[in-house]
Amino acid sequence: QVQLVESGGGLVQAGGSRRLSCAASGRTFSTRAMGWFRQAPGKEREFVAAINWSASSTQYADSVKGRFTISRDNAKNTVYLQMNSLKPEDTAVYYCAARPAGVEVTTAILYNYWGQGTQVTVSS
């Protein structure tokens, strides 16, 4: 069993930055790929970024490439999402997720543990 707890959300002005954190419980964090997804009001959950177990490989949605950076610290059982140059369209609830394999993927159904989400609101 893995529990994920996100933090770092809040209100930020357009052009600003925010760093989200996701703390994981359990001893298997370092073997799992991790992902960040988001869901805006009235929209489906969408992929944002993912990182493999060793942090040697990452993937990003086109909409955040060059602005967001995913990273992880296996010693701290934590994955991060650094968000720069934020836009109003980045407003959403952000979720972190863990999957039972080390290779990162972009498909939500392949992640079997999810956090409760943290709200990020970007004002124009």
Side-chain angles (χ1 to χ4, degrees):
Q1 188 77 6
V2 176
Q3 291 186 327
L4 303 174
V5 179
E6 301 98 335
S7 61
L11 177 64
V12 60
Q13 289 190 336
S17 298
R18 202 81 181 180
R19 189 176 82 156
L20 304 182
S21 299
C22 174
S25 66
R27 299 183 177 181
T28 61
F29 176 81
S30 63
T31 67
R32 298 177 180 271
M34 301 293 295
W36 285 98
F37 293 77
R38 67 186 181 186
Q39 188 167 18
K43 295 187 177 181
E44 294 186 352
R45 189 171 299 189
E46 65 174 1
F47 167 75
V48 175
I51 188 167
N52 75 339
W53 68 277
S54 65
S56 62
S57 179
T58 57
Q59 295 190 50
Y60 296 93
D62 288 343
S63 59
V64 307
K65 204 170 291 183
R67 299 188 299 121
F68 290 12
T69 302
I70 188 171
S71 62
R72 67 189 297 161
D73 186 336
N74 286 344
K76 295 183 178 179
N77 275 19
T78 302
V79 63
Y80 305 97
L81 185 68
Q82 177 66 44
M83 305 184 295
N84 299 330
S85 302
L86 282 162
K87 305 174 182 180
E89 50 263 44
D90 294 319
T91 295
V93 177
Y94 283 73
Y95 299 89
C96 75
R99 66 181 303 252
V103 176
E104 82 284 6
V105 297
T106 65
T107 306
I109 197 172
L110 297 178
Y111 290 82
N112 59 338
Y113 292 106
W114 292 82
Q116 82 290 348
T118 186
Q119 175 72 47
V120 174
T121 302
V122 184
S123 63
S124 56

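The basis for the numbers below is simple: all heavy atoms, side chains too, and nothing from hydrogens, waters or symmetry mates.
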Partner of Phe37 under ring pair (Phe, Tyr, Trp, His ring centres under 6.0 Å), picked from Tyr111, Tyr94, Tyr95, is Tyr111

Minimal heavy-atom distance between Ile70 and Tyr60, with the atoms involved, is N-OH, 2.9 Å

To the nearest 0.5 Å, atom CZ of Arg27 lies from atom OG of Ser25 at 12.0 Å

Discussion item. With a 4.5 Å cut-off on side-chain heavy-atom distances among I, L, V, M, F, W and Y, is there a chain of contacts connecting Val48 to Tyr113?
Written reply: yes

Taken in chain and number order and not counting sequence neighbours, the residues that satisfy salt bridge (Lys or Arg N to Asp or Glu O under 4.0 Å) with Arg67 are Asp90

Tightest non-hydrogen contact, residues Ala24 and Phe29, listed as CB-CD1, 3.4 Å

For the side chain of Arg99 and the backbone of Leu110, is there at least one donor-acceptor N/O pair under 3.5 Å apart? yes

What do you reckon, is NZ of Lys43 surrounded by more than 12 foreign heavy atoms closer than 6.0 Å? no

Original post:
For the hydrophobic clusters of this structure (ILVMFWY residues joined by side-chain heavy atoms under 4.5 Å, transitively), does one cluster hold both Trp114 and Val93?
Top reply: yes

Separation between CZ (Arg18) and OG1 (Thr121), nearest 0.5 Å, reads 9.5 Å

- [ ] For the pair Val64 and Arg38, evaluate side-chain contact (heavy atoms from CB on, under 4.5 Å) and give the outcome as yes or no after the intermediate values.
- [x] CA-CA 12 Å; Val64 307; Arg38 67 186 181 186; 4.0 Å; yes

Distance col, row Phe68:CZ vs Thr58:OG1, nearest 0.5 angstrom, shows 14.0 Å

NZ (Lys87) and OG (Ser85) are apart, to the nearest 0.5 Å, by 8.0 Å

Applying the 4.5 Å side-chain criterion to the ILVMFWY set and letting contacts propagate, would Tyr80 and Trp36 be lumped into a single cluster? no

Cluster overlap Phe47 with Leu81, hydrophobic side-chain contacts below 4.5 Å
no

Let me have the donor-acceptor pairs involving side chains of residues 4-17, under 3.5 Å, with sequence neighbours excluded, atom names and distances please.
from, atom 1, to, atom 2, distance (Å)
Glu6, OE1, Gln116, N, 3.0
Glu6, OE1, Gln116, NE2, 3.4
Glu6, OE1, Gly117, N, 2.9
Glu6, OE2, Cys96, N, 2.9
Glu6, OE2, Gly117, N, 3.3
Ser17, OG, Asn84, OD1, 2.9

Worksheet entry | Check: Ser54 main-chain N/O paired with Asn74 side-chain donor or acceptor under 3.5 Å | no

* Evaluate the side-chain contact (heavy atoms from CB on, under 4.5 Å) criterion for residues Thr91 and Val122: first the C-alpha distance (whole Å), next the side-chain angles of each, then the deciding distance (0.1 Å), finally the verdict. => CA-CA 5 Å; Thr91 295; Val122 184; 3.8 Å; yes

- Assess the side chains of Ser71 and Gln82: does a donor N or O sit below 3.5 Å from an acceptor N or O? no

Separation between CG (Asn77) and OG (Ser30), nearest 0.5 Å, reads 7.5 Å

CD (Glu46) and CD (Gln39) are apart, to the nearest 0.5 Å, by 9.5 Å

> How far apart are the C-alpha atoms of Asn52 and Glu104, what are their side-chain angles, what is the distance that settles it, and do they pass the side-chain contact (heavy atoms from CB on, under 4.5 Å) test?
Replying inline: CA-CA 5 Å; Asn52 75 339; Glu104 82 284 6; 3.2 Å; yes

**Message:** Working note: Val79 + Arg32, criterion side-chain contact (heavy atoms from CB on, under 4.5 Å); need CA distance, chi angles, decisive distance, verdict.
**Reply:** CA-CA 11 Å; Val79 63; Arg32 298 177 180 271; over 6 Å; no

